[in-house]
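The figures that follow rest on heavy atoms only: side chains count, while hydrogens, waters and symmetry mates do not. Numbers restart at 1 for each chain; the letters A, B, ... are given by sequence-line order, proteins then strands.
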Amino acid sequence: MSETPPDISHDQHAVRRQKLAELRATGHDPFRASFTPTHFSGDALKLHVDGQDNAVTVAVAGRLVTIRDMGKSQFVKILDQHGQIQLYIKKDVVGEEAYAAFKKLDLGDFIGARGTLFKTKTGEVTVRVEANGVTLVTKALRPLPEKWHGLADPEQVYRQRYLDLIVNTESRARLMLRPKIVSHIRHLLEARQFIEVETPMLQNVAGGAAARPFTTRHNALGTDFLLRISLELYLKRMLVGGYDRVFEIGRNFRNEGISRKHNPEFTMLEVYQAYSDYRGMMALVRDLLQSLVREVIRPADGSLKIKHAASGEDIEFGGAWREVSYKELIHAATGDADWFVRSKAEKIAGAEKLGLGVDPKWEEFEITNEIFSKQIEPTLIQPTFVTHLPKELCPLAKLTLEDPTTIDVFELVIGGMEVAPAYSEQNDPDAQRAMFEAQAGGDQQSIDHDFLLALEHGMPPAGGMGIGIDRLCILLTGAESIRDVILFPQLRPGGAKAEG
RNA sequence: GGCUCUCUAGCUCAAUGGUAGAGCAGUUGACUCUUAAUCAAUUGGUUUCGGGUUCGAGUCCCGAGGGAGCCA
């Protein structure tokens with residue numbers, strides 16, 4: 001027994017495991033302890049009345065994130081769903097043995113604490129822990145990242161998001177905002193008598209958008225399915241079925257690149273309203289976004305302005321929003337009022353004059369749209385309804401009566417990003433079939449014949465709109481990347497740092 | 001998929017091709033109102049991995065892997 005134990009003081013994992021072993025040896029299993037808090041931290045803090053210290057007793061629980069040890073007393077902070085609350089532990093209050101046990105706690109441990117609320121000299125409402133007031137409810141066997149700089153390595157932030165949420169206050173605030181945004185959207189739509197539905201993610205034909213789908217296999221049916229790339233065609237079946245106002249908030253999957261604006265799985269809101277049209281959708285989306293800024297984001301100055309991270313410009317959500325046709329924007333960008341009657345060769349020359357590389361194999365509308373997406377869209381920082389896109393860009397909308405080369409749609413652009421497209425929905429089954437066939441180019445398999453059958457049964461005239469929830473959250477939270485508003489963004493597998 | 005950048009202690013970061021360091025965290029001690037608490041001492045490294053050049057490589061070269069940005 002004369003052997004000196006090996007020095008493990010450098011190995012925080014080993015030190016914590018040893019503490020766990022000691023606790024168990026003395027009959028305290030920190031994974032079997034129970035504690036029932038009476039309040040979340042934020043609610044508890046509100047209970048303190050100025051000038052009435054120690055009048056209210058609360059029980060709070062959370063993760064130990066700060067320890068300030070002053071010998072015979074300590075200030076510590078715990079973190080729960082609401083945020084942090086400070087605890088004050090005095091040796092002469094809790095007793096020698098309990099105080100010694102408390103000193104063995106580590107940052108990251110989950111504890112429960114019971115005590116009375118008081119205000120410290122510096123004005124922070126704090127729980128004065130009472131005798132037998134502390135319970136260790138879970139031992140953390142791994143150390144937390146550094147307290148001041150937090151977790152900065154982007155890879156670890158995404159792979160171990162839980163650590164990011166514990167130590168990076170801004171990440172936590174931003175990600176907590178997202179459920180509030182989604183909830184607010186739901187409530188607003190429900191208040192307007194929209195019905196929320198759930199439609200299939202496993203589909204035979206991935207329709208409603210142009211994107212490469214993921215494929216998966218159903219064993220019992222012995223058949224492949226595609227993961228949906230859009231919600232559109234099933235929600236329209238609901239219009240056929242007599243649901244006049246429907247929406248769905250759900251995951252779409254697109255088997256394409258990953259970037260600051262793209263995650264392979266992302267969340268869409270789609271809304272369909274019978275007897276409305278794209279102009280009705282304009283009012284709806286503006287109401288929705290203004291309400292979100294007013295009620296959820298609540299800019300401090302009482303305005304409806306949000307800072308745009310990429311440009312530094314303030315985005316003004318209040319008031320009426322700019323409305324401009326696609327053709328007007330193209331005319332202005334090219335300086336050519338006759339752009340749309342120019343030959344393909346002239347369009348190629350025009351695009352190249354703007355510094356854009358174009359593939360001669362492209363269709364004319366693709367050349368024009370390259371100008372829109374590269375030269376125009378990124379400059380539209382303030383909310384802008386771009387209306388009447390060329391009909392080739394979407395086969396699911398009604399043609400404009402006065403100009404059958406365009407469709408009755410808008411694309412809402414904010415912060416240089418497409419946020420919400422909306423259409424007067426095509427409900428003529430023959431026109432719809434013709435558009436599908438033209439687009440499929442003989443590939444009958446890519447046509448959703450079941451949807452066309454539904455249309456033949458009759459779909460009421462309707463306006464429809466989609467909002468990319470992730471992009472909306474980027475805008476509303478001032479984030480720089482889609483990865484900052486998705487809890488667990490897609491990364492290459494297996495890269496997590498190996499831990500002993 | 002292409003180009004550029006990046007990977008060093010648990011975390012945040014240093015280190016002309018020449019002995020791998022600091023702060024926080026950890027460990028030991030002091031301190032009964034702290035706010036990145038303070039003070040003293042102290043442990044801790046296969047520098048992402050595999051090759052190469054060199055008397056000598058964290059640093060230069062090649063390859064692999066992860067991540068970031070731009071492009072497609």
Pairs under 3.5 angstrom only: tabulate donor-acceptor contacts from the side chains of residues 90-97 of chain A to other protein residues two or more places apart or in another chain.
none

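Salt-bridge check for Glu265(A) with Arg251(A): passed, with a basic side-chain N closer than 4.0 Å to an acidic carboxylate O.
Taking every side-chain heavy atom of Tyr88(A) into account, rU32(B) is the closest of rA37(B), rU32(B), rU12(B). Picking from rC31(B), rG10(B), rU34(B) the nucleotide with the shortest atom distance to the side chain of Pro143(A) gives rG10(B). Here the nucleotide nearest the side chain of Arg483(A), chosen from rA68(B), rA37(B), rA25(B), is rA68(B).
The partner of rG69(B) is rC3(B), by the rule that a Watson-Crick or G-U pair needs both atom distances under 3.5 Å.
A donor N or O paired with an acceptor N or O is found under 3.5 Å between the base of rU35(B) and the side-chain atoms of Lys77(A).
Counting any heavy atom pair closer than 4.0 Å across all strands shown, Gly150(A) reaches sugar-phosphate atoms only and no base atom.
Contact between the side-chain N/O atoms of Lys147(A) and the OP1/OP2 oxygens of rA25(B) is found at a separation under 4.0 Å. In this model, the phosphate group of rA37(B) is approached by a side-chain N or O of Arg68(A) to a distance below 4.0 Å at OP1 or OP2.
Between the CD atom of Glu270(A) and the CG atom of Leu231(A) there is a distance of 4.0 Å, given to the nearest 0.5 Å.
Rounded to the nearest Å, the gap between the C1' atom of rG56(B) and that of rG44(B) is 26 Å.
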